Amino acid sequence: MLDKKYNFKETEKKWQDAWKQSKIFAFNTQSRLTKYLIDTPPPTISGPSLHTGHLFSYTHIDVIARHYRMSGYEVFFPMGFDNNGLPSGRYVQKKYNLNLNNLSREQFTDKCLEEIKNIQPIYKNLFESLGFSCNMENTYSTIDKNSQKISQQSFIELYNKGEIFRQKSATLWCPECKTAIALSEIETKEKESKMNYIYFGIAGSDEKLEIATTRPELLPACVCVFVNPEDKKHKHLIGKKAITPLFHKEVPILANEEALMDKGTGVVMCCTFGDEADMQWQKTFNLPIIEAITANGRMTDIAGEFAGLKIKEAREKIIEKLKEENILYKQEDITHLVATHERCKCDIEILSKQQWFISILKHQQEIFDAGQKCKWHPESMKKRFLNWVEGLKWDWCISRQNFFGVPFPVWYCAKCGKVHLADIKDLPVDPLKTTPSTPCECGSNEWIPEKDVMDTWATSSLTPLISLNLEFNQGLSGENLPMSLRPNAHDNIRVWDFYTIVKALLHFGKLPWNDVVISGYVVDEKGEKISKSKGNEKMSPQQLVENYSADVARYWASNVSMGHDTIFSLEQLANGSKLVQKIFNASKFVLSFLQDAPKDKPEKMEIMDKWILNELQIAEENFDRYMKEYEIGLALKEIEKLFWNFCDNYIEIAKNRLYKPEIYGEEAKKSAQYSASFVLQAILKYFSIYMPHITEEIYMNSFGQAKKEKSIHTSLYLKQNAVVDQNLFDLGADVVMIVSRIRGEKSQNNLSLKTEVEKLILSGFDEKIKLAEQDIKAVGSVKEIIYQDAKQKNIEVFLKAD
RNA sequence: GGGAGUUUAGCUCAGUUGGCUAGAGCAUCUGCCUUACAAGCAGAGGGUCAUAGGUUCGAGUCCUAUAACUCCCACCA
């Protein structure tokens, strides 16, 4: 029996413990069912707790997982933690205010691992308190031994395939984090700056050349000046030499079509450093490379008196000096977009450095095609991916000059410099701690270890294999690919989705998964993404669960249309609370009439009992259609609609027959019992993927108990496999309209709903409406119904005289 | 500048392949203790479907243009 009042705190905990104990969500590799494999995003460990966005997006995944489980699939729903690399490292460094110059890589790594150990359980607890049906007993982390092994093996295999190379080339560099970064880690930010107009001299002439620049500190690295060959004002200078101000260096004036006449002054200085276009020109025109900036973001010796200054200081000082010498003739305030590092918001520099790269430019077309083959939900997200692929300009730089991350399995021979890779059987290795077992071909046994670590994404791009390895123990192999589903938010399209597709293609020539579901963000009333740094999170996920229950939090999170942002709303949470209570009340009420309910469909069914089964069928078809498209919110709405129809119309009608078989007959009661039981059960099952606790509580105290089942969540949906009957639909709609009209008449006359109706005249209705006569009479307290022929439907209600 | 999305009731959003009078929830208003539920129930009001053209017997839905907002990319002279 169910309690009088629903106590979510006790009940949710009770079932979470029960699920954990009975391991009902464990994956069975031996199962004969079709597998549904989810590549769950491992949350990044970069803070002490999870935010509303996590609750939101992981709920979506759980709903999908539960849906497939109840649709008869063997669902693989793993959980992992992304904790290698810069995000975790930076968090630990900041939290303990660590100076990395005073720590060894090992010491820092240990500190990171220790912190991760503390945080992971916090994440796990939240996931458990939300009733997620992922396997929490067997999780991975992207820094654990297996992940490192798979990641290093991936490096070795791609290296052997010729897809990985090391070279000194233009590298996106963060001077704050002192590491190389990838294109995907860049965030463009609008910043205020000044456009400086300065004079260059011309060798052997008094003429002056006007040049505009936002980065005068790069002047010492200037190697040439470009003008457009069509530029009438400047073309006579081509071939002459310009003289840089302050540094008085002679540089050639070259013709370059890419120098646009209408931009700036029409004259560009080229510095082969610090700017992507400049580095391109360096290659095209074979210009000398002059390094102006160090890895720490300070000026090199080339800057003379400005050497050693930070970039911004140098800029200010140089501008001052240019002003003093009257070389700067104009200055404008501008705002422009600057490439910054998304982790620290520091301006990106472009330096020339030795780095490891994975070839992606030469595979651009294949990646594009793969993106096209993936099924993106919503479909418009495909364009975003393709758009990104089309815009690729760099190979994938995977080396990072950090401490914390997966090491490269690489040594260099101290004598001949040859690259030596670790044996696959020895993986994972840390080249700082071990050396190769055999000497180099040149005979030397002295090794220089690669000190860099791999980019986080070099490892997280392998989550399909890392997660599958938990159950299938398959290592780096293309078995079980493509997986069924990758769910993540839209910011990850060009990052995680992209890199995962790249790796699966390069290794196996396969897609990593068939479907990608893209979710939006949780935003505040102003439409801004909710995040801790913005301080617009009204309630933490923990508070949400404590104040509203997991089911209600999940209900709110499920109310989405795929790919769109959702506003965090206390109203929706209140709605959820009401719905949960309503489900409890309605179920309790209906169940109280079902002790002697017939198991099989009675021969003779009342018309409105057939009608509600028909309504269920309609809801099911809509539900299935939406779920196929991963529209969990719209699917939920269908079930909600059905549920309210069931409560407000069906139960109200049927309860008279359930209450009083002595008046309406035993057969009419059986008929109602059957429909009420069937529909309630079906509704509970559909609701259970969204609100697993309340539905489990009801189901296991009734239907599930009777059938000796373990849980509603391991049961299958209750399907009728019937055909929708349009006539039944119309007839039911007519009855609902008639009942509504009777209620309205009473309401408008400020009368109680139990007021008797003396006479009801129904004109123009189908003959069959008479089949519902006793139900209409009962629900509306109608004494007499008169039927009339008419062309138009009409309802006349005569209330008892007041 | 290139790509994408959004624009429907006061608010948040549905609206499949064009098809009766454009829907839901919340909010507002009115009423009702009715034998599950007053944290409930019944009912009502509220929309020039961003704008302007076009296709069509018929357009919220298709086409063209425009505007506003959001996101991604490019733009550091």
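Sequence lines set the chain letters: A, B, ... in the order given, protein chains first and strands last, and positions in each chain run from 1. Note that the coordinates shown come from a computational prediction; the quantities given were computed from them, not determined experimentally.
For the pair A/Glu745/A/Leu799, a side-chain contact is recorded, criterion being any heavy-atom separation below 4.5 Å from C-beta on. Residues A/Lys538 and A/Thr52 are not in side-chain contact: their nearest non-hydrogen atoms beyond the backbone lie 4.5 Å or more apart. For the pair A/Val268/A/Ile211, no side-chain contact is recorded, criterion being any heavy-atom separation below 4.5 Å from C-beta on. Side chains of A/Ile243 and A/Ile202 form no contact here, defined as non-hydrogen atoms less than 4.5 Å apart. Between A/Leu753 and A/Arg743 the shortest side-chain heavy-atom distance falls below 4.5 Å.
Residue-level contact check: A/Asn622 touches neither bases nor backbone, having no heavy atom under 4.0 Å from any strand. Nucleic acid contact class of A/Leu753 (heavy atoms, under 4.0 Å, all strands): base. Looking at heavy-atom distances under 4.0 Å, A/Ala586 makes contact with a base. At the heavy-atom level, A/Cys647 lies under 4.0 Å from base atoms of the strands shown. Residue A/Lys393 is in sugar-phosphate contact alone, with no base atom involved, counting any heavy-atom pair closer than 4.0 Å across all strands shown. Across all strands, A/Gln572 comes closer than 4.0 Å to no nucleic acid atom at all (heavy-atom distances). The residue A/Trp644 sits close only to the backbone: its heavy atoms come under 4.0 Å of sugar-phosphate atoms, none of a base. As judged by a 4.0 angstrom heavy-atom cut-off over every strand, A/Ser561 is placed among residues touching the sugar-phosphate backbone only. Heavy atoms of A/Ser587 sit nowhere under 4.0 angstrom from any nucleic acid atom. Using a 4.0 Å heavy-atom criterion, one finds that A/Arg494 contacts the sugar-phosphate atoms exclusively. Heavy atoms of A/Ala339 sit nowhere under 4.0 angstrom from any nucleic acid atom. Here A/His564 lies in heavy-atom contact (under 4.0 Å) with sugar-phosphate atoms only. Nucleic acid contact class of A/Gly391 (heavy atoms, under 4.0 Å, all strands): none. Across all strands, A/Gln748 comes closer than 4.0 Å only to sugar-phosphate atoms, never to a base (heavy-atom distances).
Nearest-nucleotide positions on RNA chain B place A/Ile651 closer to the 5' end than the other of A/Val268 and A/Ile651. The residue among A/Asn387 and A/Ser740 whose nearest nucleotide of RNA chain B is located toward the 5' end is A/Asn387.
Rounded to the nearest Å, the gap between the P atom of B/U17 and that of B/U70 is 29 Å. Here, B/U6 and B/G53 have their P atoms 24 Å apart, quoted to the whole Å. Between the P atoms of B/A52 and B/A59, the separation comes to 15 Å (whole Å). The gap from the P atom of B/A67 to that of B/A27 amounts to 39 Å, rounded to the nearest Å. Nucleotides B/U48 and B/A9 place their P atoms 9 Å apart, quoted to the nearest Å. Distance check on atom P: B/C72 versus B/U64 gives 26 Å, rounded to whole Å. Look at the P atom in both B/G40 and B/G25: the space between them is 13 Å, to the nearest Å. As rounded to the nearest Å, B/G15 and B/C57 have P atoms that lie 28 Å from one another.
The distance between atom CG of A/Asp524 and atom P of B/C11, rounded to the nearest whole Å, is 17 Å. Regarding A/Glu745, its CD atom lies at a distance of 20 Å from the P atom of B/U30, rounded to whole Å. Note: OH (A/Tyr521) to P (B/G5) measures 18 Å, nearest angstrom. Rounding to whole angstrom units, CG of residue A/Asn750 and C1' of B/C41 are separated by 15 Å. A/Asp497 places its CG atom 14 Å from the C1' atom of B/C72, with the value rounded to the nearest Å. For A/Glu379 and B/G3, the CD to C1' distance is 15 Å, given to the nearest whole Å. In this structure, NE2 of A/His490 is placed 13 Å from P of B/U6, rounded to the nearest angstrom. For the pair A/Lys641 NZ and B/G15 P, the interatomic distance rounds to 11 Å; values are reported in whole Å.
For A/Arg215, the side-chain atoms get nearest to B/C76 when compared with the rest of B/C26, B/A77, B/C76. Closest approach to the A/Lys578 side chain among B/A77, B/G43, B/G40 is made by B/G40 (side chain taken as heavy atoms from C-beta onward). Of the listed nucleotides (B/A77, B/C71, B/G40), B/C71 has the atom at the smallest distance from the side chain of A/Arg384. When the nucleotides B/U34, B/C26, B/C76 are ranked by their closest atom to the side chain of A/Asn575, B/C26 comes out on top. Taking the side chain of A/Met195 as heavy atoms from C-beta on, and the options B/U34, B/U30, B/C76, the nearest nucleotide is B/C76. Nearest to the side-chain atoms of A/Thr265 among the listed nucleotides B/A42, B/G5, B/A77 stands B/A77.
A/Tyr329 and A/Tyr199 have parallel rings, their planes meeting at less than 30° on a 0 to 90° scale where 60° marks the start of perpendicular.
In this structure, A/Lys582 reaches the B/C41 phosphate: one of its side-chain N or O atoms is under 4.0 Å from OP1 or OP2. Taking only side-chain nitrogens and oxygens, A/Thr214 comes nearer than 4.0 Å to OP1 or OP2 of B/A77. Distances shown here put every side-chain N or O of A/Thr213 at or beyond 4.0 Å from the OP1 or OP2 atom of B/C76.
Note that the CD1 atom of A/Ile612 and the OG atom of A/Ser675 stand 8.0 Å from one another [nearest 0.5 Å]. We find the CD-SG distance between A/Gln282 and A/Cys271 to be 12.5 Å, quoted to the nearest 0.5 Å. The structure places CE of A/Met195 at 7.0 Å from CD of A/Glu332, a figure rounded to the nearest 0.5 Å.
Between A/Asp524 and A/Lys529 there is no salt bridge, since no side-chain nitrogen of the basic residue lies less than 4.0 Å from a carboxylate oxygen of the acidic one.
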Under the rule of Watson-Crick or G-U wobble with both distances under 3.5 Å, where | means paired to another strand and [ ] a crossing pair, RNA chain B maps to (((((((..((((.....[...)))).(((((.......))))).....(((((..]....))))))))))))....

Should A/Cys374 and A/Phe385 be marked as a side chain to side chain contact (heavy atoms under 4.5 Å, CB included) after you check the CA-CA gap, both sets of side-chain angles, and the distance that decides it?
-> CA-CA 10 Å; A/Cys374 265; A/Phe385 180 87; over 6 Å; no

